[in-house]
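This report concerns only the one structure given below.
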Protein chains: 2
Amino acid sequence: MTQRLGRTITQRGLAELAGVSIATVSRVLSAPQDQRGRWASPETVSRILELANELGYKRNPHAASLRTSRSDLVGVLVPRLQDFVLATIYEGIEEAGMELGINTYVMNSHDDVELQRLRTQVMLDRRVDGLIFGDARLDAPFLDELREQGVPFVLTSRRKEGHLSITCDDYAGGRMVAEHLIEQGRTDVVILGGLEFASTAQDRTHGLIDRLREAGIEVPPERIVYRGFDTAAGRQAMAEILEDGISTNAVFAANDFAAIGALGVLQDHGYSVPGDVALIGYNDTPLAESVGIPLTTIRSPMHPMGRESLLTLCRLMAGEPVESQRLAPELIVRASSRG
Amino acid sequence: MTQRLGRTITQRGLAELAGVSIATVSRVLSAPQDQRGRWASPETVSRILELANELGYKRNPHAASLRTSRSDLVGVLVPRLQDFVLATIYEGIEEAGMELGINTYVMNSHDDVELQRLRTQVMLDRRVDGLIFGDARLDAPFLDELREQGVPFVLTSRRKEGHLSITCDDYAGGRMVAEHLIEQGRTDVVILGGLEFASTAQDRTHGLIDRLREAGIEVPPERIVYRGFDTAAGRQAMAEILEDGISTNAVFAANDFAAIGALGVLQDHGYSVPGDVALIGYNDTPLAESVGIPLTTIRSPMHPMGRESLLTLCRLMAGEPVESQRLAPELIVRASSRG
DNA sequence: TCGATTGACGTAAACGTTTGTGTCAGGCAA
DNA sequence: TTGCCTGACACAAACGTTTACGTCAATCGA
């Protein structure tokens with residue numbers, strides 16, 4: 001945190017003090033640790049390093065970016081940071097970025113197609129080297145267009161056919177839910193799917209119904225309702241189901257928050273959980289464990305997902321071979337479905 | 001989203017095509033809308049503007065920052081983005097920043113003094129123009145040191161004596177809770193205070209006990225426990241209280257999440273809410289409304305707090321007069337404390 | 001009528017890096 | 001001895017803006 005009083009120190013300053021040219025300073029300072037010797041004698045190297053350290057030299061990233069046209073900046077777009085899941089994924093991204101000396105910065109798109117476009121442009125205007133999208137929509141051509149322009153990006157949380165993505169294996173997660181319900185003998189299922197245009201919603205839902213179908217159980221369409229991933233959406237979806245007079249002994253919500261919303265409505269209507277209805281969420285947020293009736297849920301590797309997406313983006317930008325990954329989910333059985 | 005195939009277009013390119021000097025282009029492009037005429041004839045102005053638009057010219061922010069040594073970047077440090085409250089505040093910051101053409105970027109400090117220092121340095125190295133701290137600690141000298149260096153910053157969410165801050169009037173919030181409890185005749189109070197080094201915790205707690213004292217009611221120290229703001233902390237704090245055999249008919253948690261954690265523990269121990277115990281949270285997060293027993297809470301203006309802190313920082317950096325603000329909280333009475 | 005002002009630009013010097021090309025001495029093989 | 005190589009640097013040209021100073025007409029006030 002050494003800050004010079006007068007002028008902030010530059011490579012020129014170091015060069016003068018060390019009695020070498022600014023070119024040498026630059027090469028020594030920007031070479032990887034083990035290769036500094038390639039450009040200067042050991043004494044020169046250590047002299048420069050010491051001086052830099054002592055005077056608190058910090059490279060001016062604007063100047064460097066201008067010269068190299070690389071910013072070491074990556075932009076991250078998420079639906080909402082308020083969403084615990086995305087916030088956690090972002091923490092993983094930030095953590096990995098920090099380790100690699102890459103700065104990340106994040107914006108909210110509110111799942112709005114227009115905002116998505118606008119925010120992306122803002123980030124490109126800031127000359128980010130690459131992008132991470134946590135808000136991919138199955139129904140929008142935006143990402144396909146973006147690829148035309150040759151901008152490197154990876155998706156996380158949600159995937160989209162034909163694009164590089166690091167996600168949870170949501171389909172497998174859905175199947176786990178189905179298997180658990182079959183074991184418990186609760187197959188009169190209702191699905192609060194989340195947002196229809198999100199692969200997370202689709203994959204979780206289809207994993208569940210596919211596996212049930214394999215067991216000879218059909219889930220008719222009126223039992224699947226897409227309202228959103230948050231608490232309010234969970235309330236609304238559950239309320240609609242009950243109003244429609246649909247009877248059920250198992251509710252799967254594509255998100256813990258939606259599940260908690262649903263829980264409130266179920267209790268208001270006099271259903272006991274898990275007595276009358278088993279309730280299962282998704283993501284294993286801390287709330288799942290702490291809420292009145294501990295929630296059975298699928299644990300998704302949010303933090304690792306974030307880390308891995310940043311690392312993958314870096315590999316992509318470095319021209320290394322990369323491929324999509326689906327990280328394994330895990331079933332966490334708690335009181336809300338034991339019965 | 002026009003991207004040139006060959007070379008990205010620069011001011012030089014525009015200048016050549018428009019038949020003027022690059023200086024003129026720069027002046028026209030960077031003057032505020034209403035002052036473009038100051039630097040060129042109307043025809044020249046519109047020619048440049050049209051060309052810029054047509055070719056999709058975007059100023060290179062690195063070059064501009066290098067020249068002006070202003071980055072239009074502000075750094076934001078929060079304890080955790082996972083925390084709904086801080087995430088919402090950040091949304092406000094981002095929103096205001098976007099409107100002013102200022103890019104914000106955010107990092108997590110995990111309330112760790114060392115990390116706070118490190119992350120701040122990373123941001124300064126990135127040459128941010130200013131900083132917003134959402135993680136001020138009453139017990140750390142870090143901010144005082146930072147001011148010595150002349151870095152402009154403002155605090156939000158938490159305040160600290162002697163520093164510019166935009167917060168909720170938490171002391172008033174605490175008093176509101178007290179008044180509500182007095183009205184309800186529930187004065188056998190227990191306080192789950194949050195984190196002791198946070199002004200939010202201190203102010204809310206002291207507002208509450210001061211007001212109770214004015215009504216002739218003392219809250220002895222063993223009834224105040226600081227464990228944290230999240231669900232897990234709420235659980236732990238509540239559990240400790242009950243284990244200590246402290247009897248109570250009213251629990252105030254300095255945060256909705258802590259309140260929800262406490263709710264679980266209370267129910268586990270066979271207490272009914274609000275029958276046996278009134279429960280009150282803070283912040284009015286969406287969960288407060290949606291959880292099984294709707295939670296009485298204090299609504300704090302999170303989003304406006306974020307907006308205002310960014311605006312204040314900008315005024316500060318522009319040399320305009322600024323002062324700290326404490327935005328008004330509001331009591332939201334729900335089922336958890338009625339009865 | 002003439003100096004002063006104004007409008008409409010142009011020149012050129014930064015800002016702090018990075019990097020392709022030198023340069024130059026010393027060492028080596030032939 | 002000569003030619004070549006190599007280690008250890010130095011030179012200088014970018015990168016794309018911004019901005020302090022010009023310059024040069026046309027206009028204006030007295």
Side-chain angles (χ1 to χ4, degrees), chain A residues 4 6-32 35-49 51-52 55-73 101 124-127 129, chain B residues 4 6-32 35-49 51-52 55-73 101 124-127 129:
Chain A
R4 241 30 197 172
R7 212 48 257 116
T8 71
I9 181 84
T10 78
Q11 288 190 354
R12 170 171 7 263
L14 291 180
E16 278 168 16
L17 292 178
V20 296
S21 85
I22 167 180
T24 303
V25 172
S26 173
R27 286 195 252 256
V28 167
L29 255 31
S30 55
Q35 298 216 42
R36 296 204 207 281
R38 271 178 53 106
W39 293 109
S41 68
E43 309 90 67
T44 309
V45 169
S46 64
R47 193 146 31 98
I48 293 176
L49 254 33
L51 234 45
L55 302 182
Y57 167 77
K58 291 294 160 54
R59 83 135 63 38
N60 182 321
H62 302 304
S65 295
L66 176 58
R67 176 62 231 254
T68 60
S69 53
R70 280 194 355 190
S71 59
D72 288 335
L73 222 57
L124 290 176
D125 291 352
R126 267 280 163 189
R127 304 306 209 255
D129 292 335
Chain B
R4 242 30 197 172
R7 211 51 255 116
T8 71
I9 181 83
T10 78
Q11 289 189 354
R12 172 175 359 266
L14 290 180
E16 278 168 17
L17 293 178
V20 297
S21 85
I22 166 179
T24 304
V25 173
S26 173
R27 286 194 259 253
V28 167
L29 256 30
S30 54
Q35 298 216 41
R36 296 204 206 281
R38 271 179 52 108
W39 294 108
S41 68
E43 308 91 68
T44 308
V45 168
S46 64
R47 193 147 31 98
I48 292 176
L49 254 32
L51 233 46
L55 302 183
Y57 166 78
K58 291 294 161 53
R59 83 136 62 41
N60 182 321
H62 301 305
S65 295
L66 175 58
R67 176 62 230 252
T68 61
S69 52
R70 281 194 355 192
S71 59
D72 288 334
L73 223 57
L124 290 176
D125 290 351
R126 268 281 163 189
R127 305 305 209 256
D129 292 335

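A, B, ... follow the sequence lines: proteins, then strands. Residue 1 opens every chain.
- Between the CD1 atom of A:I9 and the CD atom of A:E16 there is a distance of 8.5 Å, given to the nearest 0.5 Å.
- One interatomic measurement links the two molecules: CG of A:L29 to P of C:dG16, which rounds to 15 Å at whole-angstrom precision.
- The distance between atom CD of A:Q35 and atom C1' of C:dT19, rounded to the nearest whole Å, is 16 Å.
- Per the geometry, CG belonging to A:L14 stands 13 Å off P belonging to D:dA10, to the nearest Å.
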Show which side-chain atoms of residues 17-24 of chain A pair as donor or acceptor with protein atoms under 3.5 Å away, not counting sequence neighbours.
from  : atom 1 : to    : atom 2 : distance (Å)
A:S21 : OG     : A:A23 : N      : 3.2
A:S21 : OG     : A:T24 : N      : 3.4
A:S21 : OG     : A:T24 : OG1    : 3.4

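- Nucleic acid contact class of B:T68 (heavy atoms, under 4.0 Å, all strands): sugar-phosphate only.
- Counting non-hydrogen atoms under 4.0 angstrom, A:S26 reaches a base of the nucleic acid.
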Response to the item:
Whether each nucleotide of nucleotides 4-12 of chain C has a protein heavy atom under 4.0 Å at its base (B), only at its sugar-phosphate (S) or at neither (-) is summarised, 5' to 3', as ----SSBB-

Item to complete: Check the pair B:R127, A:K58 against side chain to side chain contact (heavy atoms under 4.5 Å, CB included), reporting the backbone distance first and the verdict last.
Response: CA-CA 10 Å; B:R127 305 305 209 256; A:K58 291 294 160 54; 3.9 Å; yes

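- Taking atom NZ of residue A:K58 and atom P of nucleotide C:dC15, one finds them 21 Å apart after rounding to whole Å.
- Atom CD1 in B:I9 sits about 11 Å away from atom P in D:dG16, given to the nearest Å.
- To the nearest angstrom, C1' of D:dA13 lies 12 Å from CZ of B:R12.
- Distance check, rounded to the nearest 0.5 Å: CG of A:D125 to CZ of B:R59 gives 10.0 Å.
- The distance between atom CG of A:N60 and atom P of C:dA14, rounded to the nearest whole Å, is 17 Å.
- Taking atom CD of A:Q11 as the reference point, atom P of C:dG16 lies 11 Å away to the nearest angstrom.
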Item to complete: Output, in order, the C-alpha distance, side-chain angles, deciding distance and verdict of side chain to side chain contact (heavy atoms under 4.5 Å, CB included) for B:L29 and B:R27.
Response: CA-CA 5 Å; B:L29 256 30; B:R27 286 194 259 253; over 6 Å; no

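- A:S71 pairs by the side chain to side chain contact (heavy atoms under 4.5 Å, CB included) definition with A:S65, A:L73, A:D129, B:H62, not counting sequence neighbours.
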